[in-house]
Amino acid sequence: MTAITAAVRSLGGDFPAEAFGRTYRLWPQVSDFSDLFTWNDLNEIIARHRLEPPRLRLFNDGAQVPQHAYAHPVVTKRHTVWHRIEPGNLHHQLNEGASLVLDSVDTLHRRVERFAEALERHLRTDVQVNLYASWTSKEGFGLHFDDHDVVVVQLEGAKRWKIHEPTRIDPLRIDVEAPEPPESEPVAEIILRAGDMLYLPRGWWHAVAATEGRSLHLTCGLKPATGADLLSWLAGQLRASAAVRANLPHLASREEQVAYLAALLKEFTAALHEGVIEEFLCARGAMDPGRPMPSLPFIGAIPADERLHVRLTTSGAWYEVDGEGRPVMNAGGRQWTFAAPALAVVKHLAEGRTASIGELAVASSLSVGQVAALITELVAADVAAVSRRR
């Protein structure tokens, strides 16, 4: 079992019903996560990418370290300015107790991206993975809460987490009030060690510090759908209703206003039917642009080469089978209806697998050329990518 598979499997069982969105959950020794992201990976990314804040930033005692303390500006021949990291000064700041944060590492590192995609597919939500590195017992951020759920994977070292219950249930990024800091003692104080995994819902306060030398961990930020998201989507769906599209009768009689509100209530109540949550999640998944990737050197039709490998680049893709046995696939804001023999191809791709065109042809009884033509349609819509594996 791979580390990614083990992590996703931990989020199954009773977790969705008993903990997801409700309370924290600790899983000790889930897997060896050391190969998911390494110090060498971090060194390569820092050395080879232009990581302007807030992409890469340092924090010490709750305050952000000024960029000039560890980087200097570089003017290119095209007169653009970027900041080159100075390793010596970076080391000095980290040795003085700063914590390093690298945002959206899933867009810079393929293994972490695969982890994010697996979580997106399993939890049906967008995922952004940030990396945190620290060398001392100082708290980089102090006591704080997040406006999104997190899944934390400890790669190396250990960190002490002091966890407080929320002072405002389910705070939003755009909210009507801010939570007050907790006055009570932590409800839990845990040591997250290499191989452990932690889930924390949004709004739960926490303070984090390394305990035994250097620490490296990934924090996967989840953006689960909320009731506000559902209502926003329903407002768009209800534009099909003449009552919803009508002008508000603010100049009409009280009786007409009451009748209008009754009509709106009827439309809204009907829209909140059993099954609407699944409809919303499917619609959101079908519109998710995913993580588009080019398929160079192929800029036209994908060749009928059984050695080429293909995968979907959107985790929200889904399909159903119509009355004639044909797979109807939804991804990236598009819909396709393929011939019945293509069901095996669609199933493989929608499950997040990477497969060769030859393997898909065998699984579906389609020819290599027919599979290549199907893949060409998906690549042209930016929902799939092909590559040569070495």
Side-chain angles (χ1 to χ4, degrees), residues 16-17 20-23 54 103-104 120 123-128 144-150 165-182 201-205 221-292 314-320 322-323 328-337 381-383:
F20 189 46
R22 295 177 173 84
T23 188
D103 275 8
S104 300
E120 287 176 338
L123 297 173
R124 303 177 75 177
T125 182
D126 291 339
V127 174
Q128 175 182 311
H144 67 284
F145 71 94
D146 295 314
D147 56 20
H148 52 268
D149 296 14
V150 298
E165 290 185 329
T167 55
R168 175 172 172 78
I169 302 300
D170 295 332
L172 298 171
R173 179 176 295 275
I174 302 175
D175 212 333
V176 295
E177 65 180 73
E180 293 292 334
R202 57 193 160 110
W204 284 66
W205 294 81
L222 317 178
K223 295 191 294 183
T226 66
D229 296 324
L230 174 62
L231 294 180
S232 294
W233 176 75
L234 274 181
Q237 298 298 106
L238 286 171
R239 293 177 188 274
S241 162
V244 172
R245 296 197 309 272
N247 293 348
L248 285 176
H250 62 286
L251 299 178
S253 66
R254 182 177 179 282
E255 290 74 15
E256 288 180 86
Q257 291 182 3
V258 169
Y260 176 75
L261 292 176
L264 281 187
L265 180 60
K266 181 179 179 181
E267 295 277 3
F268 184 69
T269 302
L272 286 175
H273 60 82
E274 183 178 350
V276 70
I277 292 178
E278 181 64 21
E279 287 181 10
F280 165 58
L281 292 176
C282 286
R284 192 172 74 152
M287 295 302 296
D288 180 13
R291 302 163 186 266
T314 172
S315 303
W318 61 279
Y319 72 93
E320 57 188 356
D322 68 12
V328 181
M329 180 176 172
N330 298 267
R334 296 276 301 277
Q335 183 179 89
W336 296 265
T337 299
D382 296 335
V383 299

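Basis for what follows: all heavy atoms, side chains included, without hydrogens, waters or symmetry-related copies. Residue numbers count from 1 along this sequence. Since the model is a prediction, treat every value here as computed from it, not as a measurement.
Side-chain contact check for Thr226 and Asp229: at least one donor-acceptor pair (N or O, by modelled atom type) lies under 3.5 Å.
Taking CG of Leu264 as the start and OG1 of Thr269 as the end, the distance is 10.5 Å to the nearest 0.5 Å. From Glu120, atom CD reaches atom OG1 of Thr125 across 7.5 Å, with rounding to the nearest 0.5 Å. Taking CG from Leu251 and CD from Gln257, the interatomic distance works out to 8.5 Å, rounded to the nearest 0.5 Å.
Remark: side-chain polar atoms of Arg245 are paired, donor with acceptor, to backbone N or O of Ala240 under 3.5 angstrom. The closest donor-acceptor contact from the side chain of Glu320 to the backbone of Val328 lies at 3.5 Å or more, if one exists at all. When atom types are taken as modelled, the side chain of Trp205 and the backbone of Pro181 share no donor-acceptor pair closer than 3.5 angstrom. At least one donor-acceptor pair closer than 3.5 Å links the side chain of Tyr260 to the backbone N or O of Ala243. Proximity of a side-chain donor or acceptor of Thr314 to a complementary backbone N or O of Asp288 within less than 3.5 Å is detected. Panel note: side chain Arg22, backbone Pro201; no donor-acceptor pair is recorded below 3.5 Å.
In the displayed structure, Ile277 atom CD1 is contacted under 6.0 Å by at most 12 heavy atoms of other residues, nucleotides or ligands. The neighbour count for Asn247 CG, taken as heavy atoms of other residues, nucleotides or ligands under 6.0 Å away, does not exceed 12. Atom NE2 of His250 has 12 or fewer neighbouring heavy atoms from other residues, nucleotides or ligands inside a 6.0 Å radius.
Between Phe268 and Leu234, the closest heavy-atom pair is CE1-CD1, 4.3 Å. The shortest non-hydrogen separation linking Asp146 to Val150 is OD2-CG1, 3.9 Å. The two atoms that bring Glu256 and Pro249 nearest to each other are O-CG, 4.5 Å, heavy atoms only. Scanning all heavy atoms of the two residues, the minimum distance from Arg168 to Val176 falls at NH2-CG2, 3.6 Å. A pairwise comparison of heavy atoms in Glu267 and Leu238 identifies O-CD2, 4.0 Å as the closest pair. Of all the heavy atoms in Arg124 and Leu281, the pair that sits closest is NH2-CB, 3.4 Å.
The closest side-chain heavy-atom distance from His273 to Glu279 is below 4.5 Å. Taking the side chain as every heavy atom from C-beta outward, Leu222 and Arg202 never approach each other to under 4.5 Å. Between Trp204 and Thr23, the closest side-chain pair of non-hydrogen atoms falls below 4.5 Å. Looking at Thr167 and Phe145, their side chains never come closer than 4.5 Å, going by heavy atoms from C-beta outward.
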